[in-house]
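We're numbering straight along the sequence, starting at 1. Atoms within each ligand, like the ligands themselves, are counted from 1 in listed order.
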Amino acid sequence: MNLCGKSLISLKDYTPAEIRYFLDVAKKAKDEHKRGIRKQRFLGMTIALLFEKRSTRTRCSFETAFGEEGGHPVFLSSADIQLGVKETVEDTAHVLGRMFDCIEFRGFKTRHVEILSEVSGIPVINGLSDDFHPTQVLADLMTLEEHFGALKGKKLAFVGDGRNNMANSLMIGCAKMGVDVAIVAPDELHPESDLVKLAEGFAKEAGSTVLITSDVDAGIKGADVIYTDVWASMGEEAKLAERIKLLKPYQVNADLMARTGKKSVFMHCLPAVRNNEVTPEVIDGPQSVVWDEAENRKWTIKSVMLCLLGKENE
Ligand code: CP
Ligand code: NVA
């Protein structure tokens with residue numbers, strides 16, 4: 001598999017075999033690191049880490065994964081650079097493309113990630129936009145596979161804001177990898193129909209299913225994984241009061257977990273707001289795998305950087 005030079009904007013643009021490859025490289029990177037093997041595959045290389053929004057896991061994953069392989073990550077928040085104040089995305093892309101080997105961008109507009117990729121001439125990785133969070137879904141798939149041994153035939157129910165970046169990306173990633181996916185959300189918060197159609201097409205090819213429903217019991221029935229995310233994503237804080245009203249019946253609590261009919265695991269991309277989208281008894285309880293999921297951000301992000309920079313076989 002040769003993914004060298006590509007960008008990762010959404011998993012829409014990757015085949016199931018390519019996603020499989022990212023997961024295999026991540027597994028190997030994690031295993032080697034645990035066995036004390038240290039490599040220097042990014043020695044002499046640089047990555048620009050652009051953050052318009054806050055981050056703990058994503059930033060730390062990029063910095064530690066790139067740095068421990070000998071590379072030099074440069075963190076640039078909106079408070080540090082000209083982008084968005086005195087300079088366009090295009091001009092920033094020209095400059096970064098001349099100085100760096102790779103760019104990570106976390107921000108609002110997905111179009112900005114696309115422009116960075118089109119103009120810079122180097123691989124660009126979407127570290128979260130309003131629409132997508134592809135590196136998170138790679139970590140989620142890795143965690144699911146570690147827990148259940150396989151992806152195909154498993155069912156993941158995302159319960160909450162069904163039109164946010166996580167719901168969108170899980171729908172695509174799961175559909176492609178043969179995981180049945182249900183988006184369980186009130187009618188007002190269902191994903192865009194074009195994206196649903198796209199996911200349904202991917203699911204058909206992979207032999208999986210996509211269900212969009214406002215009926216909690218119908219959506220969570222038989223789910224191996226219950227997944228949720230914050231009710232107001234970064235940039236939507238003003239909508240929180242309205243969302244709390246809409247989403248209260250969709251809170252993931254012990255009662256909901258008991259109604260799947262299975263011994264389901266609980267997943268959350270984090271950060272979490274306890275007693276909104278999830279109760280402490282669930283996120284801090286025995287069914288939760290959120291810390292494995294958080295750790296796997298690092299190994300999947302390392303894998304993406306290795307593959308896009310053509311270093312995974314060194
Ligand atoms: N899950 C995730 O992207 O976390 P951060 O916002 O902390 O990066
Ligand atoms: N939907 C959340 C995900 C955070 C990792 C947000 O965009 O804020």
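- The cationic atom of R59 (NZ for Lys, CZ for Arg) lies less than 6.0 Å from the six-membered ring centre of F75 and within 45° of the ring axis.
- Residue contacts with ligand 1: T56 is placed with a nitrogen or oxygen under 3.5 Å of a nitrogen or oxygen of the ligand (distance criterion only).
- When each of R259, Q251, M257 is checked for a side chain to side chain contact (heavy atoms under 4.5 Å, CB included) with D255, only R259 meets the rule.
- Heavy-atom proximity to atom 6 (O) of ligand 1, evaluated over M234, R54, R106, is greatest for R106.
- Not a single heavy atom of K53 sits closer than 4.0 Å to an atom of ligand 1.
- Side chains of S77 and D80: a donor-acceptor N/O pair is present below 3.5 angstrom, by distance only.
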Are there any protein N or O atoms under 3.5 Å from the N or O atoms of ligand 2? List them with distances, or say none.
unit_1	atom_1	unit_2	atom_2	d
ligand 2	1 (N)	N165	OD1	2.8
ligand 2	1 (N)	D229	OD2	2.6
ligand 2	1 (N)	S233	OG	2.7
ligand 2	7 (O)	N165	ND2	2.8
ligand 2	8 (O)	M234	N	2.8

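- Looking at ligand 1, you won't find any N or O of P271 less than 3.5 Å from one of its N or O atoms.
- Protein heavy atom in closest approach to atom 2 (C) of ligand 1: R297 NH1, 3.2 Å.
- The pair R163-E236 meets the salt-bridge criterion, with a side-chain N (NZ, NE, NH1 or NH2) lying under 4.0 Å from an Asp/Glu carboxylate O.
- In this structure, the protein non-hydrogen atom closest to atom 4 (O) of ligand 1 is R57 NE, 2.8 Å.
- Taking the six-membered ring where the residue is Trp, F105 and H112 present perpendicular rings, their angle passing 60° and hence far from 30°.
- Heavy atoms of L270 found under 4.0 angstrom from ligand 1 belong exclusively to the backbone.
- The distance from atom CD of E312 to atom CE of M1, rounded to the nearest 0.5 Å, is 10.0 Å.
- Of all heavy-atom pairs between A175 and V181, the closest is N-CG1, 4.5 Å.
- Seen from the ring of F132, K12 does not count as a face-on cation partner, given the 6.0 Å and 45° thresholds.
- The closest side-chain donor-acceptor pair between D91 and Q82, if any, does not fall under 3.5 angstrom.
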